[in-house]
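Notes follow the structure.
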Amino acid sequence: MITTEPGGVPVTPPQQPAQPSAVRRRGAVVAAGLPLAVVGLLATAAGPAAASTVGSAGVGDPYFPLAGNGGYHVHHYDLTLGYDPKTRHLDGRAVITASATQRLTRFNLDLKGLKVTSITVGHAKATFRRAGQELEVTPKQPLRKDQEFRTTVTYSGTPGPVTDPDGSLDGWIPTDDGAFVAGEPQGAMTWFPANNHPKDKSAYDFTITVPQGRTAVANGVFRGQKTAKGRTTFRWHQPEPMAAYLATATVGNFKVEQYTAPGGLKVYNAVDPREAAAAAPVLKQLPSVLEWESELFGPYPFKAAGAIVDRAPNVGYALETQSRPVYDRAPDLSTLVHESAHQWFGDSVSITTWKDIWLNEGFATYAEWLYEEQHGGKSAQQTFDALYASPADSELWAFPPADPGSGAHIFEEPVYARGAMALHKLRQAVGDRTFFRILRAWATVNREGHGTTAQFIRLSERQSGMDLDELFHTWIFTAGKPAQP
Ligand code: ARG
Ligand code: ZN
């Protein structure tokens, strides 16, 4: 069932600064080319080791060469955290269950900052060495190919965010009452040791202890809370596979609302009281938005849902943290629609390289256009036409959506808005019936998995029976404003 608010049309709350609807982040952008060049060198140095029994220092992502690690696949992270917002001290223990995909005398995890106090692999103490974001672990006994093994890392310290190539912050971002925790693309490693690349997806359990009165919110199903000696422990279970960047453990002063939506979906919302009045009318729409998206994209992919509405003025964006997006302020309805659409496109179906980010952002942006179109607002065609009118030298045409060029550009307008324009062109070419069948097939075939740009093109051609090479060539691979709308 689709419900709309009384007016039918989503309205933007007046306190939201005007922004291109296509780009969700609002932070200041500072280019920082140097770190990329430096990590590039490090990755090259680690290269030859990949052929040996040493797991590689990265999974080979051209934009983030040290992101993730080779030689194993993580099945499960069991994270036990204690955080004190006053001192900003974090105590952590990560139990990581993984399988070796090759013989391993040594393997890496990604961890930036913090102090590691001990590591065991199986029952034996392992030795380790830190080198930038690489945590190199040498187990006492080499691991056989296909061996399942359990690594326990004990660590502590004062976590802080990383600065991304575009100048934005991500990771563990302290707030005045806790921490806003969002890891796209890099920041998961600021608060737990991880195979930090969307290629590797895992189940998670979280046990997070904070001072009584604060709430710690993670992904998936709420498993209960217990207070003792002035501290409260929250437990969370994320059963479906999740990329590390989509994990959260956001801490703050939150008003909590829990209910079961029609269909049995477990909803848990945590809202900063200072944002509550502005957030309430939008959060009320969450079940109907998810229902509407389920009709378009196929069944909602997770057991749990919800929202974390924080007040984090230095963040400037929301993130589609799995099952429960995290918002830096009360979201408007189109932002809620956007982060909800990511649950299908980005979270359930994940990218294998950051270069393919348009598969997340272009799709979530197009979901906003569709929502408007089907709820009494502008048609997607009108949104497309207005964008197409942008002059050839505008930001929108700076690079093609499927080739941002570097990690500095993955959250820019060509990825979001032009990515959505490409989907609109596809819809025009194949017709509505086939287009919506393609979107649904994409979410269904790759559910709880991955998809690449090449696979999306192939699927579109198979579903439509058309040769779509030229369309995709023009709209996602070629720089500059296309000659024809
Ligand atoms: N995926 C988020 C969104 O759509 C944007 C995350 C931006 N992250 C960043 N570090 N700038 O809406
Ligand atoms: Zn997005």
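Ligands are counted one by one from 1 in listed order, and the atoms in each one are counted from 1 as well.
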Angle class for the [X]/[Y] ring planes (parallel below 30°, perpendicular above 60°, tilted otherwise)?
{"X": "Tyr268", "Y": "Trp236", "value": "perpendicular"}
{"X": "Phe384", "Y": "His424", "value": "tilted"}
{"X": "Trp292", "Y": "Tyr371", "value": "perpendicular"}

Within a distance under 4.0 Å of any heavy atom of [X], pick out the atoms of ligand 1 and give their elements.
{"X": "Ser168", "result": "9 (C), 10 (N), 11 (N)"}
{"X": "Glu320", "result": "1 (N), 2 (C), 3 (C), 4 (O)"}
{"X": "Ala318", "result": "2 (C), 3 (C), 5 (C), 12 (O)"}
{"X": "Asp166", "result": "11 (N)"}
{"X": "His342", "result": "4 (O)"}
{"X": "Glu361", "result": "1 (N), 2 (C), 3 (C), 4 (O)"}

> Closest to the Zn ion (ligand 2), which N/O/S atom of His338 is it?
Replying inline: NE2

>> Report the atom name of the nearest N/O/S atom of His342 relative to the Zn ion (ligand 2).
In response: NE2

> Where's the contact between Tyr416 and ligand 1, heavy-atom distance under 4.0 Å: side chain, backbone, both or neither?
Replying inline: side chain

> Are Glu373 and Arg427 within salt-bridge range, i.e. N to O under 4.0 Å?
Replying inline: yes

Check residues 389-402 and write down every donor-acceptor pair under 3.5 Å in which the side-chain atom is one partner and the other belongs to a residue at least two apart or another chain.
from: Ser390; atom 1: OG; to: Leu387; atom 2: O; distance (Å): 2.6
from: Ser394; atom 1: OG; to: Pro391; atom 2: O; distance (Å): 2.7
from: Trp397; atom 1: NE1; to: Ser390; atom 2: O; distance (Å): 3.1
from: Trp397; atom 1: NE1; to: Pro391; atom 2: O; distance (Å): 3.3

> Of Arg88, Arg311, Arg274, which is the lone residue that meets salt bridge (Lys or Arg N to Asp or Glu O under 4.0 Å) with Asp176?
Replying inline: Arg274

>> Could you check whether any side-chain heavy atom of Phe64 comes within less than 4.5 Å of a side-chain heavy atom of Asn196, counting everything from C-beta outward?
In response: no

> Any cation-pi pair here, Lys481 with Tyr388, using under 6.0 Å and within 45°?
Replying inline: yes

>> Would you say the Zn ion (ligand 2) has Glu361 as a near neighbour, meaning an N/O/S atom of that residue under 2.8 Å away?
In response: yes

> Would you call Gln186 a ligand 1 contact, heavy-atom distance under 4.0 Å?
Replying inline: no

